[in-house]
Amino acid sequence: MSEDQDIRPLISRLQRAENVVALTGSGISAESGIPTFRGAEGLWKTYRAQDLATPQAFARDPNLVWEWYDWRRGLMSTKLPNAGHQVLAAWETTIPNFTLITQNIDGLHSRAGSRSILELHGNIWKLRCTQEGTLVENTEFPLSPLPPLCPDCGAMLRPHVVWFGESLDPNVIQQAFSISARCDLMFVVGTSAIVHPAASLPLAALEAGAAVVEINPEPTPLTDHLEFSFRGMAGDILPRIDRALQEGTRAGGGDDS
Ligand code: BJW
């Protein structure tokens with residue numbers, strides 16, 4: 001968003017909205033120092049998704065996959081939420097019927113204070129038993145032993161994340177679709193919007209007549225379909241929207257022009 005870009009029409013929509021959703025991707029954590037997946041500095045430039053983020057890769061070489069996840073846990077454990085995460089955490093309490101949906105597994109939204117989060121792709125701080133499916137919360141770094149073992153049955157644990165070719169938790173994705181299809185405003189922040197089914201959520205919102213607001217330094221396949229598209233960093237733009245919203249609220253309403 002350039003300095004002179006008029007955000008009043010968006011603020012007016014936001015003030016009138018009854019159901020607001022934010023869908024986030026790895027770009028919101030980029031300013032915290034966590035690499036995204038795609039793009040020049042993205043993880044997939046250095047690592048091959050099919051070697052590390054598929055069930056086949058884990059079956060073939062669990063040690064390799066676990067070393068990569070352990071390295072990422074170490075990196076993520078040193079990072080803090082940024083202004084973008086903080087605004088979305090505040091909106092949970094200041095905007096009625098606000099829902100946060102994230103593709104991120106880094107846990108930074110909850111560390112920023114968001115309490116109700118639909119985590120589409122799981123959470124790197126949870127480990128799942130490959131035999132029993134039970135979950136264990138674990139924030140240790142480095143993990144020892146590696147691969148970690150289930151404290152109950154001794155089977156290998158796996159990261160509680162969704163790899164390519166795996167289904168998302170049906171309850172989580174169903175809730176995400178149902179909320180997206182009845183929202184009137186959706187923010188799509190820091191995602192390339194190419195990984196499905198997450199990338200279908202903004203389409204469901206558009207189909208239902210919602211205004212979709214993209215915040216991203218780069219255009220995405222969604223951009224041309226959107227009423228509001230802000231080119232820039234989430235950590236700059238979300239606080240600017242939040243400040244304008246607070247000023248508008250204090251002034252007793254929005255500009256409906
Ligand atoms: C900033 C910024 C700043 C930078 N501020 N912005 C339909 C069509 C085609 C294929 C499929 C389809 N349905 C399903 C598929 C297959 C597949 C898929 O979508 N493939 C596509 C690549 C085409 N989907 C699946 O396999 C899913 N499962 C599924 O659908 O099951 C049923 C099924 C199976 C098989 C066939 C058909 C149906 C599962 C997807 C799981 C994704 N898992 C990962 C890894 C999670 C664990 C981990 O982290 O290790 O999830 S992959 C990776 O991509 C990760 C992310 O959550 C996800 C999305 O990436 P994200 O967040 O958008 O990151 P980037 O890097 O792509 O983009 C960052 C953006 O930020 C960029 O735009 C930057 O510009 C921007 N940015 N700085 C704001 N400061």
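Just so you know, ligand 1 is whichever comes first in the structure, and atom 1 is the first atom listed for that ligand.
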Participant: Suppose I only count heavy atoms of E218 and a 4.0 Å limit; which atoms of ligand 1 are within that range?
Facilitator: 75 (O)

Participant: Hey, could you give me the OG/CZ distance between S192 and F37, rounded to the nearest 0.5 Å?
Facilitator: 9.5 Å

Participant: Any side-chain donor paired with an acceptor under 3.5 Å for E67 and N63?
Facilitator: no

Participant: Provide the number and element of each atom of ligand 1 under 4.0 Å from a heavy atom of G25.
Facilitator: 62 (O)

Participant: Assign the ring pair Y47 / W71 to parallel, tilted or perpendicular, where the plane angle (0 to 90°) is split at 30° and 60°.
Facilitator: tilted

Participant: Tell me the protein heavy atom at minimum distance from atom 63 (O) of ligand 1, and give that distance in Å.
Facilitator: T191 OG1, 2.6 Å

Participant: Please report the interatomic distance CZ(R158) to CH2(W66), rounded to the nearest 0.5 Å.
Facilitator: 9.5 Å

Participant: Applying the ring pair (Phe, Tyr, Trp, His ring centres under 6.0 Å) test to F58, which of W163, W68, F164 qualifies?
Facilitator: W163

Participant: How many angstroms lie between atom CD1 of I34 and atom CG of L80, to the nearest 0.5 angstrom?
Facilitator: 9.5 Å

Participant: Which residue from G232, S29, P197, G42 reaches closest to atom 30 (O) of ligand 1 through any of its heavy atoms?
Facilitator: P197

Participant: Can you confirm whether some protein heavy atom lies under 4.0 Å from atom 3 (C) of ligand 1, or whether none does?
Facilitator: yes

Participant: Considering P219, P217, A40 one by one, which has a heavy atom nearer to atom 1 (C) of ligand 1 than any of the others?
Facilitator: P217

Participant: L157 and W125: same hydrophobic cluster, using ILVMFWY side-chain contacts below 4.5 Å?
Facilitator: yes

Participant: For atom 5 (N) of ligand 1, which protein heavy atom lies nearest, and how many Å away is it?
Facilitator: A234 N, 2.9 Å

Participant: For ligand 1, which part of Y69 has a heavy atom less than 4.0 Å away: the side chain, the backbone, both, or neither?
Facilitator: side chain

Participant: Kindly work out whether a path of hydrophobic side-chain contacts (I/L/V/M/F/W/Y, heavy atoms less than 4.5 Å apart) joins I215 to V212.
Facilitator: no

Participant: Got a protein heavy atom sitting under 4.0 Å from atom 37 (C) of ligand 1?
Facilitator: no

Participant: For atom 14 (C) of ligand 1, state which one of E41, M76, H196, E31 supplies the nearest heavy atom.
Facilitator: H196

Participant: Go through ligand 1 atom by atom and flag the ones less than 4.0 Å from a non-hydrogen atom of V161.
Facilitator: 47 (C)

Participant: Linking I/L/V/M/F/W/Y whenever any side-chain heavy atoms sit under 4.5 Å apart, do L64 and L127 land together?
Facilitator: yes

Participant: What part of A53 sits under 4.0 Å from ligand 1 if we count only heavy atoms: the side chain, the backbone, both or neither?
Facilitator: neither

Participant: Among the clusters formed by ILVMFWY side chains lying less than 4.5 Å apart, do L118 and I124 turn up in the same one?
Facilitator: no

Participant: Is it the side chain (CB and beyond), the backbone, both or neither of I28 that lies under 4.0 Å from ligand 1, heavy atoms counted?
Facilitator: neither

Participant: List the closest protein heavy-atom neighbour of atom 75 (O) of ligand 1: residue, atom name, distance to the nearest 0.1 Å.
Facilitator: N216 OD1, 2.7 Å

Participant: Would you say atom 59 (C) of ligand 1 touches the protein, meaning some protein heavy atom is under 4.0 Å from it?
Facilitator: yes

Participant: Tell me the protein heavy atom at minimum distance from atom 17 (C) of ligand 1, and give that distance in Å.
Facilitator: F164 CD2, 3.9 Å

Participant: May I ask you to list the atoms of ligand 1 that are less than 4.0 angstrom from any heavy atom of A30?
Facilitator: 78 (N)

Participant: What distance separates R48 CZ from T54 OG1, expressed to the nearest 0.5 Å?
Facilitator: 10.0 Å

Participant: Within 4.0 Å of atom 53 (C) of ligand 1 (strictly less), any protein heavy atom?
Facilitator: yes

Participant: Look at the aromatic rings of H85 and H109 and report parallel, tilted or perpendicular, splitting at 30° and 60°.
Facilitator: perpendicular

Participant: Return the residue, atom name and 0.1 Å-rounded distance of the protein heavy atom closest to atom 51 (O) of ligand 1.
Facilitator: H121 ND1, 3.2 Å

Participant: Just distances here: any N/O of T220 and N/O of ligand 1 closer than 3.5 Å?
Facilitator: no

Participant: Output the list of atoms in ligand 1 that are nearer than 4.0 Å to some heavy atom of G190, sorted by atom number.
Facilitator: 6 (N), 69 (C), 70 (C), 71 (O), 79 (C)

Participant: Please report which non-hydrogen protein atom sits nearest to atom 41 (C) of ligand 1, along with the residue it belongs to and the distance in Å to one decimal place.
Facilitator: V162 O, 3.3 Å

Participant: Need the ligand 1 atom indices (1-based, order shown) with element for anything under 4.0 Å from a heavy-atom of W163.
Facilitator: 39 (C), 41 (C)

Participant: If we check ring pair (Phe, Tyr, Trp, His ring centres under 6.0 Å) with F187, which of these qualifies: F230, W91, F98?
Facilitator: W91

Participant: Heavy-atom distance from atom 79 (C) of ligand 1 to the protein below 4.0 Å?
Facilitator: yes

Participant: Could you see if L226 belongs to whatever hydrophobic cluster contains L201? Use Ile, Leu, Val, Met, Phe, Trp, Tyr and a side-chain cutoff under 4.5 Å.
Facilitator: yes

Participant: Measuring from atom CG of L88 to atom CG of L108, what distance do you get when rounded to the nearest 0.5 angstrom?
Facilitator: 12.0 Å

Participant: If you count the atoms of ligand 1 from 1 in the order shown, which ones are under 4.0 Å from a heavy atom of M233?
Facilitator: 3 (C), 5 (N), 80 (N)

Participant: Write out the residue and atom name of the closest protein heavy atom to atom 49 (O) of ligand 1, then the distance separating them to 0.1 Å.
Facilitator: R72 NH2, 2.9 Å

Participant: Looking only at heavy atoms of G39, does any of them come nearer than 4.0 Å to an atom of ligand 1?
Facilitator: no

Participant: Please classify the I105 to ligand 1 contact at 4.0 Å (heavy-atom distances, strictly less than): side chain, backbone, both or neither.
Facilitator: side chain

Participant: How does E166 reach ligand 1, by side chain, by backbone, by both or by neither, if only non-hydrogen atoms under 4.0 Å count?
Facilitator: backbone

Participant: At what distance, to the nearest 0.5 angstrom, does CZ of F177 lie from CD1 of I101?
Facilitator: 9.0 Å

Participant: Please state which protein non-hydrogen atom is closest to atom 26 (O) of ligand 1 and give its distance, to 0.1 Å?
Facilitator: G165 N, 2.7 Å

Participant: Can you see whether S116 engages E92 through a side-chain donor-acceptor pair at a distance of less than 3.5 angstrom?
Facilitator: no

